[in-house]
Peer 1: 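The structure is given below, and queries will be raised subsequently.
In what follows, chains carry the letters A, B, and so on, assigned in the order in which the sequence lines appear, proteins first and then strands, with residues in each chain numbered from 1.
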Number of protein chains: 2
Amino acid sequence: MATNISDAFARKLGAFVALSATELDVLSRLHRRRRTFVAGHDLVHQGQSEQAAYILSSGWVCSYKSQPDGSRQIIDFQIPGDFLGLRSILLHTSDHGIEPIVEIEAAEVLRQDLLDAFARTPRLATAVLWAASRDEAMVVEHLVGLGRRNASERMAHMLLELGARLALVGMGDKSGYDCPLTQYHLADALGLSAVHVNRVLRQLREERLVTFRGGHVTFDDYPRLVALADFDPAYLDQMGPMLR
Amino acid sequence: MATNISDAFARKLGAFVALSATELDVLSRLHRRRRTFVAGHDLVHQGQSEQAAYILSSGWVCSYKSQPDGSRQIIDFQIPGDFLGLRSILLHTSDHGIEPIVEIEAAEVLRQDLLDAFARTPRLATAVLWAASRDEAMVVEHLVGLGRRNASERMAHMLLELGARLALVGMGDKSGYDCPLTQYHLADALGLSAVHVNRVLRQLREERLVTFRGGHVTFDDYPRLVALADFDPAYLDQMGPMLR
DNA sequence: CGGCGCTTTGACACGAGTCAAACCAAGTGG
DNA sequence: CCACTTGGTTTGACTCGTGTCAAAGCGCCG
């Protein structure tokens, strides 16, 4: 079962650099402070200067930016093994909020500890830079979706991306996965209204492509869905280490 | 004038870490291979594995992702002092293309040289990580715009952001700046059609907010434009070094 | 039993896309 | 020096995807 903190995160970094014993050790020291958070209460607040980042161990969170008019845009969802709030410790002030979608478990990483770790083991810094690039690639793909895809393509793409990411940590496969998101979450992520999200989901269901219902996503016709969304998982970059 | 390669980039990194003589030296070695490129011919091709990144010295470029249906989405514009294609050397394959908008000058940085530099001077790696975070913050802000702002707000925001960034390298101020973009570029960046871009520009001009014409952007009423776009430059993060 | 999130559906309005055509300035070649 | 081309801008008419408003349904928990 699994997804122990160190497992998921170290495994992820290990996909880029072959980590030495020392590096693994430094890494494991980074997640001594385990904490849990309840759903709906932000771990990181938009606009504040935070001292800490987190390595997510279990549960889902979303990072978002809220607008003065009350609407919000979800930047990305994070799942176990993901690093949260790197930008909020590197930049002076956090430009986004981070909210747990369900109850979560995470390891808190203080800014100074992280910077020290980088200074001590440069390859770790490079690995984190790689992981950050991979996350940015996802944000970029999301941006492309908002700019150039219509509602159903966006939805299909998002559901497929989540599926592919979950599959990497053993929480889903080509048949589907458990998904705690509400249609409001999807709306805020896809730049749509909740009402339209519902219409799109119905349409995808009626065309027997995907079913989103009762906290579960079922891929009814994976290949056709991939074609509709023009989904190419290359940007998730899960090939072997580049740096040995 | 100015914007010598090393100047702009080193100055930028210096905003995050106070760079030592050694670090400055390593940095300057990174831009020995100066090259020029003509407008319209990609420096980096989408989907290829590239070995090199670039530090832009003069001119404008855009990074974009093109869709199978022929449309393209511009991710971001880069101006002198910006680092290009970090993702394309860290990830196995470049997920985006990079195209010069005018003739440009840039220093080529080979993957191995960059990784070696990181290994030798960890603080440099941290600084680059910071710069990458700052770039990501811009991409995120762009994403929010596509998801939650209408055409004129998006346009206003983009023109303001470019102005603020150019001001940081001494190429513009609150009165305006020179801008080599066509309305097609704006359309591809803002997720609009070129026709609609034109309508929006006309409207902003008629309301005496900004004028985009003849390769020059003039802010006719900066405060009111900021209000319309809800522009908060905090994410451009240009406060003093955090790491000394 | 009552209430509160979340989902579902319908009717209507509007922002932005598409298509088509004209215009303009800057090159380019005869 | 004048046609001609080409890339970019401008405008109008029409269409359509998505937002908005409103209301009902549904399950779950206190």
Peer 1: Students often get this wrong, so: under 4.0 angstrom with heavy atoms, is A:Gly214 touching a base, only sugar-phosphate, or nothing?
Peer 2: nothing
Peer 1: So, is B:Asn198 near the phosphate of D:dT9, with a side-chain N or O under 4.0 Å from OP1 or OP2?
Peer 2: no
Peer 1: If the plane angle is over 60° it's perpendicular, under 30° parallel, otherwise tilted; pick one for A:His31 and A:Phe9.
Peer 2: perpendicular
Peer 1: Measure from CG on B:Leu201 to P on D:dG8 and round the result to the nearest Å.
Peer 2: 15 Å
Peer 1: May I have the distance from B:Leu181 (atom CG) to D:dT9 (atom C1'), rounded to whole angstrom?
Peer 2: 15 Å
Peer 1: Atom CG of A:Asp188 to atom C1' of C:dC6: distance rounded to whole Å?
Peer 2: 14 Å
Peer 1: How many Å lie between CZ on A:Arg149 and C1' on C:dG17, as a whole number?
Peer 2: 18 Å
Peer 1: 5'-most contact on DNA chain D: B:His185 or A:Arg199, nearest heavy atom basis?
Peer 2: B:His185
Peer 1: Whole angstroms only, please: what is the CZ-C1' distance between B:Phe212 and D:dG8?
Peer 2: 11 Å
Peer 1: Donor-acceptor pair, B:His142 side chain versus B:Ile75 backbone, under 3.5 Å?
Peer 2: yes
Peer 1: Which part of the nucleic acid, if any, lies within reach of A:Arg202 when heavy atoms closer than 4.0 Å are counted: base, sugar-phosphate only, or nothing?
Peer 2: sugar-phosphate
Peer 1: Specify the separation, in whole Å, of atom CZ of B:Arg148 and atom P of D:dT18.
Peer 2: 13 Å
Peer 1: Select base, sugar-phosphate, or nothing to describe what B:Leu192 touches, counting heavy atoms under 4.0 Å on all strands.
Peer 2: sugar-phosphate
Peer 1: For residues A:His196 and A:Arg199, is any side-chain donor paired with an opposing acceptor at under 3.5 Å?
Peer 2: yes
Peer 1: Below 4.5 Å, heavy atoms only, C-beta onward: do A:Val61 and A:Ile104 meet side chain to side chain?
Peer 2: yes
Peer 1: At under 4.0 Å between heavy atoms, what does B:Ser193 touch on the DNA or RNA strands: base, sugar-phosphate, or nothing?
Peer 2: base
Peer 1: Round to a whole Å and report the spacing from NE2 of A:His196 to P of C:dA11.
Peer 2: 17 Å
Peer 1: Has B:Gln183 got a side-chain N or O lying under 4.0 Å from the OP1 or OP2 atom of D:dT10?
Peer 2: yes
Peer 1: Is any side-chain nitrogen or oxygen of B:Arg213 closer than 4.0 Å to OP1 or OP2 of D:dT10?
Peer 2: yes
Peer 1: Reckon B:Arg154 touches a base, only the sugar-phosphate, or nothing at all at heavy-atom distances under 4.0 Å?
Peer 2: nothing
Peer 1: What is the distance, rounded to the nearest whole Å, between atom OH of A:Tyr184 and atom C1' of C:dC4?
Peer 2: 12 Å
Peer 1: Does a side-chain N or O of A:Asn150 approach OP1 or OP2 of D:dG17 to a distance below 4.0 Å, or not?
Peer 2: no
Peer 1: I'd like to know if B:Asp188 pairs up with B:Arg72 as an ion pair, taking the criterion as any Lys NZ or Arg NE/NH1/NH2 lying under 4.0 Å from an Asp or Glu carboxylate oxygen.
Peer 2: yes
